[in-house]
Amino acid sequence: MKKLIYLLLIAISWPSLAARQFDIEVILFKRNIDPAQVSEAWPDQQKPVNMKGTVSFDDESLLASKDISLMLPEQFQLTPQYDKLRGHAGFTPLAHFGWRQGDLSKAAAPKFHLTAGKDYSAQYLADGTSKAALSRETSPQPEPPAIAESETAITADGLPATTEMPAVAPEPPLYELEGSIRVYVQHFLFTETSLDLREPGRREVIVGAEPIDLETDLLAEDSNVQVGHLQEVKKKVEVEEFLKSYRFEQQRKMRSGETHYLDHPLMGMVIQIRRVEE
């Protein structure tokens with residue numbers, strides 16, 4: 001009898017659990033600080049954030065299939081926090097957005113692709129190389145000989161041939177902030193974030209080497225040490241402009257209704273997950 005009552009209680013409560021909805025509101029910002037001033041080391045090159053399986057907030061059909069809707073600005077509750085960040089000299093807000101989703105597991109919850117801030121694609125390549133520095137290093141290619149206006153190519157049918165220039169695909173944007181975010185339920189609420197903040201900077205690169213004659217350069221005239229004809233290679237290093245990526249990667253367990261702050265030396269995220277009351 002007790003087992004039957006227990007099963008009936010589960011059956012009654014199950015629809016209400018399945019119908020839970022959450023409003024997720026996020027603010028992303030960066031600190032106005034020179035990364036060189038932070039006592040932390042980051043690699044010049046690192047693998048990009050894994051975007052496999054990410055979806056866009058613009059994918060209306062996918063959002064509809066998972067009963068996900070975007071929040072309107074008038075629905076935001078973190079606007080005072082955003083305004084404080086915007087009015088502070090030490091921070092620059094990059095994004096403020098939100099969405100509503102159901103009680104989704106990690107497997108069912110979508111991983112959203114985020115972009116925010118400036119587009120650096122006009123100044124840098126995807127690997128961070130400066131286009132201006134690259135153009136200075138590359139010698140100009142000779143232009144093809146011009147065809148006289150009177151010369152016209154003729155096809156086999158005796159008709160003038162039309163020459164079409166191959167279309168050049170536009171370069172994809174290279175945003176100041178790019179990555180992914182996912183919110184899911186696994187007994188508790190979890191937020192999973194992986195972002196890259198891109199900042200222009202400078203790095204040292206090895207451009208060549210010059211030999212050092214150890215016998216000539218290192219031994220004094222009165223030395224009786226014999227070293228033979230050994231040579232050591234000295235690295236030639238130059239400093240170049242570079243777009244460096246700084247990784248922000250966190251997973252956080254959260255409670256509904258609480259405001260959480262995810263910190264990083266160069267950036268941060270404010271997030272609030274609110275259960276929608278019917």
Side-chain angles (χ1 to χ4, degrees), residues 20-30 46-79 81-82 85-86 92-128 167-186 189-199 243 245-252 254 260 262 264 266-274 276:
R20 288 193 305 176
Q21 293 281 308
F22 297 95
D23 281 344
I24 303 155
E25 187 176 352
V26 179
I27 297 174
L28 296 169
F29 64 92
K30 72 172 185 177
Q46 59 182 344
K47 291 183 179 180
V49 173
N50 183 11
M51 296 297 181
K52 184 178 180 181
T54 59
V55 298
S56 170
F57 281 112
D58 296 330
D59 192 338
E60 296 180 0
S61 60
L62 181 136
L63 297 184
S65 68
K66 292 185 175 290
D67 195 23
I68 295 175
S69 58
L70 300 183
M71 292 175 61
L72 300 175
E74 51 265 30
Q75 296 175 294
F76 293 163
Q77 297 185 17
L78 298 179
T79 302
Q81 289 86 337
Y82 181 87
L85 288 168
R86 186 175 57 181
T92 299
L94 296 175
H96 187 190
F97 59 95
W99 72 97
R100 177 174 292 185
Q101 70 177 47
D103 196 354
L104 300 177
S105 66
K106 185 174 183 178
K111 185 189 293 186
F112 288 108
H113 180 194
L114 301 179
T115 58
K118 305 172 185 174
D119 180 7
Y120 287 112
S121 60
Q123 295 84 29
Y124 298 93
L125 299 176
D127 63 357
V168 178
E171 294 186 14
L174 193 61
Y175 287 107
E176 186 175 4
L177 188 72
E178 185 171 15
S180 65
I181 183 172
R182 172 165 55 185
V183 175
Y184 60 91
V185 178
Q186 190 170 307
L189 286 163
F190 284 90
T191 297
E192 186 180 81
T193 309
S194 186
L195 299 167
D196 273 347
L197 177 69
R198 299 183 174 108
E199 287 285 337
L243 187 67
S245 296
Y246 301 91
R247 182 65 47 86
F248 174 95
E249 200 160 29
Q250 292 198 28
Q251 184 183 46
R252 181 74 62 88
M254 299 185 172
H260 293 262
L262 281 64
H264 182 277
L266 301 178
M267 66 192 93
M269 180 171 79
V270 181
I271 180 170
Q272 189 181 83
I273 303 176
R274 304 182 292 270
V276 180

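Please read all numbers here as calculations on a predicted model, not as lab measurements.
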Compare all side-chain heavy atoms of [X] with those of [Y] and state whether any distance is below 4.5 angstrom.
X    : Y    : result
V26  : V270 : no
T79  : H96  : yes
D23  : Q75  : no
H113 : S56  : no
E176 : K30  : yes

Heavy-atom pair with the smallest gap, counting every atom of [X] and [Y]:
X    : Y    : value
T54  : S180 : CG2-CB, 4.0 Å
A108 : K66  : O-NZ, 2.8 Å
M51  : G179 : CE-CA, 3.3 Å

Sub-3.5 Å donor-acceptor pair from the side chain of [X] to the main-chain atoms of [Y], do we have one?
X    : Y    : value
Q101 : V183 : yes
E25  : Q77  : yes
K106 : F190 : no
R198 : Y175 : yes
H264 : R247 : yes

Exercise for review: Output, in order, the C-alpha distance, side-chain angles, deciding distance and verdict of side chain to side chain contact (heavy atoms under 4.5 Å, CB included) for M267 and L177.
Suggested key: CA-CA 10 Å; M267 66 192 93; L177 188 72; 4.3 Å; yes
[atom1]/[X] to [atom2]/[Y] distance, rounded to the nearest 0.5 angstrom?
X    : Y    : atom1 : atom2 : value
D103 : Q21  : CG    : CD    : 9.0 Å
I273 : H260 : CD1   : NE2   : 7.0 Å
L62  : I68  : CG    : CD1   : 6.5 Å
T191 : Q272 : OG1   : CD    : 11.5 Å
T193 : R252 : OG1   : CZ    : 9.5 Å
L262 : L195 : CG    : CG    : 10.0 Å

Point to revise | I271 and I24: CA distance, side-chain angles, deciding distance, side chain to side chain contact (heavy atoms under 4.5 Å, CB included) verdict | key: CA-CA 7 Å; I271 180 170; I24 303 155; 4.1 Å; yes
Practice item. With side chain to side chain contact (heavy atoms under 4.5 Å, CB included) as the test, would you mind laying out the steps for L104 and V185 before giving the verdict? Key: CA-CA 6 Å; L104 300 177; V185 178; over 6 Å; no
Review point. Which word best sums up how the rings of W99 and F97 line up, parallel for under 30°, tilted for 30 to 60°, or perpendicular for over 60°?
Key: parallel
Review point. In terms of ring plane angle, is the pair F57 and F112 parallel, tilted or perpendicular, where the classes change at 30° and 60°?
Key: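 Correct class here is parallel.
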Check your understanding: Within a reach of under 6.0 Å around CD of E60, are more than 12 heavy atoms found that belong to other residues, nucleotides or ligands?
Key -> no
Point to revise | Side-chain donor-acceptor contact under 3.5 Å, E178 with T115 | key: no
